[in-house]
Amino acid sequence: MTRVLPPTEAAITEAATLIRAGELVAFPTETVYGLGANAFDRAAVDRIFVAKGRPTTDPLIVHVSDRAMLHRVAATVSPLAEKLITAFWPGALTLILPRAEAIPANVSAGLPTVAVRMPAHPVASALIIAAGMPIAAPSANRFAHTSPTTAAHVYDDLSGRIALILDGGATPIGVESTILDLSGDRPRLLRPGGMSLEALCQIVPDIEIISRFVAPGSESMPAPGMLLRHYAPRAALYLFEGEDKLVRTAIKSESSRRISTGEQVGLLIADEDRAAVADSGAMIQAIGSLTDLESAARNLFAGLRALDESGVSVILARNWPPAGLGLAIRDRLLRAAEGKITHVAD
Ligand code: TXA
Ligand code: MG
């Protein structure tokens with residue numbers, strides 16, 4: 001039985017007790033909901049992989065509430081890491097640092113490094129403080145599924161598999177944290193996310209951007225967790241890339257073509273696209289304006305889940321500008337599309 005509780009003081013105390021006892025608790029962060037376990041408890045961490053159906057080769061992020069706790073998780077914190085932490089924590093930035101011995105190897109899939117972040121969400125930080133220990137937490141979804149941005153999303157994926165969900169409402173950012181690898185010679189962006197690359201570049205100008213698109217079965221995985229198939233809705237997702245007007249026309253005609261063959265079609269579009277496809281007969285999720293990428297990021301995963309729930313077999317999605325949170329939106333859609341990308345041109 002999985003209980004869902006509002007994050008009262010009593011509920012947070014109870015959640016902390018469960019965490020200390022080796023149980024799993026889902027909780028809101030400012031990015032997406034996390035599925036937490038005591039990061040020092042190897043058996044509890046194992047339970048995360050089982051509950052999610054996640055391969056043990058995909059490492060977890062450890063969440064801390066302050067710097068003292070960070071030093072129990074990371075073996076060393078470089079001056080550059082200190083600078084980034086001062087600038088961006090608490091917040092949607094995960095750093096890859098050398099792993100402290102106290103953190104069991106299964107947290108990091110055996111790697112000598114560990115991913116750490118200090119979440120800004122008041123419920124997340126209250127939970128870590130009440131537990132008195134760092135909390136290992138991946139996104140609280142079934143493996144490879146869309147990340148959860150509400151407690152209902154978590155419940156849909158994990159009910160019966162975890163003890164408790166703290167319901168803190170919809171998560172304010174809506175896409176996962178940005179991951180920056182500081183373990184090598186040069187800082188590497190492993191995942192664009194809720195902290196914009198532009199902001200990071202103000203402090204670290206020479207970030208190496210590595211390709212995140214590795215096909216399943218590929219031998220050269222540049223970093224763990226890079227499987228192309230990820231963030232996937234049930235429906236097949238086709239991504240349309242190109243100039244706004246052309247993308248709109250292409251989505252409209254592809255949607256009509258598929259509907260005429262009896263398919264149930266969903267559209268994941270921008271507010272500005274709505275008028276062009278209003279009478280198409282497709283299910284429409286307009287997730288925000290092209291000029292407000294924060295709102296599009298916030299609504300992205302809920303939009304994908306809503307289309308899945310409406311029973312469509314195919315989703316036609318537009319691509320978004322590659323600035324600010326647009327980079328994270330593009331990354332999630334590219335991976336959800338698993339290579340089904342149409343470049344529209346005149
Ligand atoms: O916003 C977020 O980051 C959310 C919330 C809950 O904090 N968490 C999240 O976790 O997105 P998850 O498990 O869905 O993604 C963790 C990813 C892994 O798939 C992997 O790509 C990367 O973080 N990662 C973790 N540890 C790593 C390590 N030691 N080296 C390289 N990458 C690592
Ligand atoms: Mg995830």
Side-chain angles (χ1 to χ4, degrees), residues 24-37 39 45 48-49 51-64 73-75 88-100 103-121 123-125 127-128 134-149 153-154 157-158 166 168 171-184 187-195 210 212 214 221-232 297 301 325 328 331-332 335-336:
L24 305 183
V25 173
F27 60 97
T29 81
E30 71 276 33
T31 57
V32 300
Y33 274 74
L35 175 60
V45 167
I48 290 180
F49 291 97
K52 283 194 61 150
R54 176 178 174 122
T56 53
T57 50
D58 192 0
L60 309 176
I61 296 173
V62 177
H63 298 69
V64 299
V73 173
F88 298 117
W89 280 12
L93 174 65
T94 295
L95 299 176
I96 308 293
L97 300 171
R99 175 163 56 89
I103 296 294
N106 62 344
V107 167
S108 295
L111 294 167
T113 53
V114 63
V116 202
R117 88 174 181 99
M118 189 188 289
H121 196 291
V123 174
S125 85
L127 176 62
I128 303 165
I135 295 184
S139 51
N141 50 281
R142 293 293 283 271
F143 178 65
H145 196 205
T146 312
S147 291
T149 57
H153 294 163
V154 179
D157 273 22
L158 298 175
L166 291 174
T171 55
I173 294 179
V175 289
E176 305 85 343
S177 62
T178 300
I179 304 181
L180 191 64
D181 183 358
L182 297 180
S183 69
R188 291 195 305 165
L189 181 76
L190 297 188
R191 176 174 78 183
M195 179 71 61
I210 61 167
R212 286 242 304 153
V214 181
M221 184 87 93
M226 301 252 160
L227 287 178
L228 187 52
R229 184 184 157 73
H230 217 98
Y231 310 107
F301 289 139
L325 293 196
D331 171 81
R332 307 308 185 263
R335 286 160 61 109

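Each ligand, and each atom within it, is numbered from 1 in the order the structure gives. Residue numbers count from 1 along this sequence. Just so you know, these numbers come straight off a predicted model, no measurement behind them.
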> Less than 4.5 Å apart, any side-chain heavy atom of Arg332 and any of Arg191?
Replying inline: yes
>> If you take the nearest heavy atom of each of Ala26, Ser139, Gly36, which one is closest to atom 14 (O) of ligand 1?
In response: Ser139
> So, for Ala140 and Leu158, which heavy atoms are closest and what is the spacing to 0.1 Å?
Replying inline: O-CD1, 3.3 Å
>> Only heavy atoms of Thr113, strictly under 4.0 Å: list the atoms of ligand 1 that pass.
In response: 28 (C), 29 (N), 30 (N)
> Any N or O of Arg54 that comes nearer than 3.5 Å to an N or O of ligand 1?
Replying inline: yes
> Short list, please: which atoms of ligand 1 are under 4.0 Å from a heavy atom of Ala115?
Replying inline: 25 (C), 26 (N), 27 (C)
>> On a heavy-atom basis, I'd like to know which of Val62, Thr57, Leu95, Ile96 is closest to atom 28 (C) of ligand 1.
In response: Ile96
> Is the closest N or O pair between Ser108 and ligand 1 shorter than 3.5 Å?
Replying inline: no
>> Under 4.0 Å from a heavy atom of His63: which atoms of ligand 1 are those, numbered in the order shown and with their elements?
In response: 5 (C), 6 (C), 7 (O)
>> Let's go through Val116 and Leu95 carefully: what are the C-alpha distance in whole Å and the side-chain angles of both, what is the deciding distance for side-chain contact (heavy atoms from CB on, under 4.5 Å) to 0.1 Å, and is it a yes or a no?
In response: CA-CA 5 Å; Val116 202; Leu95 299 176; 5.5 Å; no
> Any N/O of Thr29 closer than 3.5 Å to an N/O of ligand 1?
Replying inline: no
> What residues form a side chain to side chain donor-acceptor pair (under 3.5 Å) with Thr94, not counting sequence neighbours?
Replying inline: Ser177
> Against heavy atoms of Leu190, which atoms of ligand 1 measure under 4.0 Å?
Replying inline: 31 (C), 32 (N)
> Looking only at atom types and distance, does a side-chain atom of Asn141 sit under 3.5 Å from a main-chain N or O of Pro148, one as donor and one as acceptor?
Replying inline: no
> What are the atoms of ligand 1, with element, lying closer than 4.0 Å to any heavy atom of Ile61?
Replying inline: 3 (O), 8 (N), 9 (C), 10 (O), 16 (C), 23 (O)
> Do any nitrogen or oxygen atoms of Lys52 lie less than 3.5 angstrom from nitrogen or oxygen atoms of ligand 1?
Replying inline: no
> Hey, what do you get for CZ (Phe27) to NE2 (His121), rounding to the nearest 0.5 Å?
Replying inline: 10.0 Å
> With atoms numbered from 1 as shown, which atoms in ligand 1 lie under 4.0 angstrom from a non-hydrogen atom of Gly34?
Replying inline: 6 (C)
> Regarding Glu176 and Ser147, is there a side-chain donor-to-acceptor distance under 3.5 Å anywhere?
Replying inline: yes
>> Any atom of ligand 1 sitting under 4.0 Å from a heavy atom of Arg99?
In response: no
> What atoms in ligand 1 come closer than 4.0 Å to a heavy atom of Asp58?
Replying inline: 18 (C), 19 (O), 20 (C)
>> Check whether Arg54 reaches the backbone of Ile48 with its side chain - one donor and one acceptor, N or O, closer than 3.5 Å.
In response: no
> Can you list the residues that meet the side chain to side chain donor-acceptor pair (under 3.5 Å) rule with Arg117, with sequence neighbours excluded?
Replying inline: Thr29, Glu30, Thr31
>> Under 2.8 Å from the Mg ion (ligand 2), can any N, O or S atom of Ser139 be found?
In response: yes
> Would you say Arg117 has any N or O atom under 3.5 Å from an N or O of ligand 1, going by distance alone?
Replying inline: yes
> Which atoms of ligand 1 sit under 4.0 Å from any heavy atom of Thr31?
Replying inline: 1 (O), 2 (C), 4 (C), 5 (C)
> When you measure from atom 23 (O) of ligand 1 to each heavy atom in Asp181, Asn141, Ile179, which option holds the nearest one?
Replying inline: Ile179
> Roughly how far apart are Leu60 CG and Asn106 CG, rounded to 0.5 Å?
Replying inline: 7.5 Å
> So, does Thr171 use its side chain to make a donor-acceptor pair with the main chain of Pro28 at under 3.5 Å?
Replying inline: no
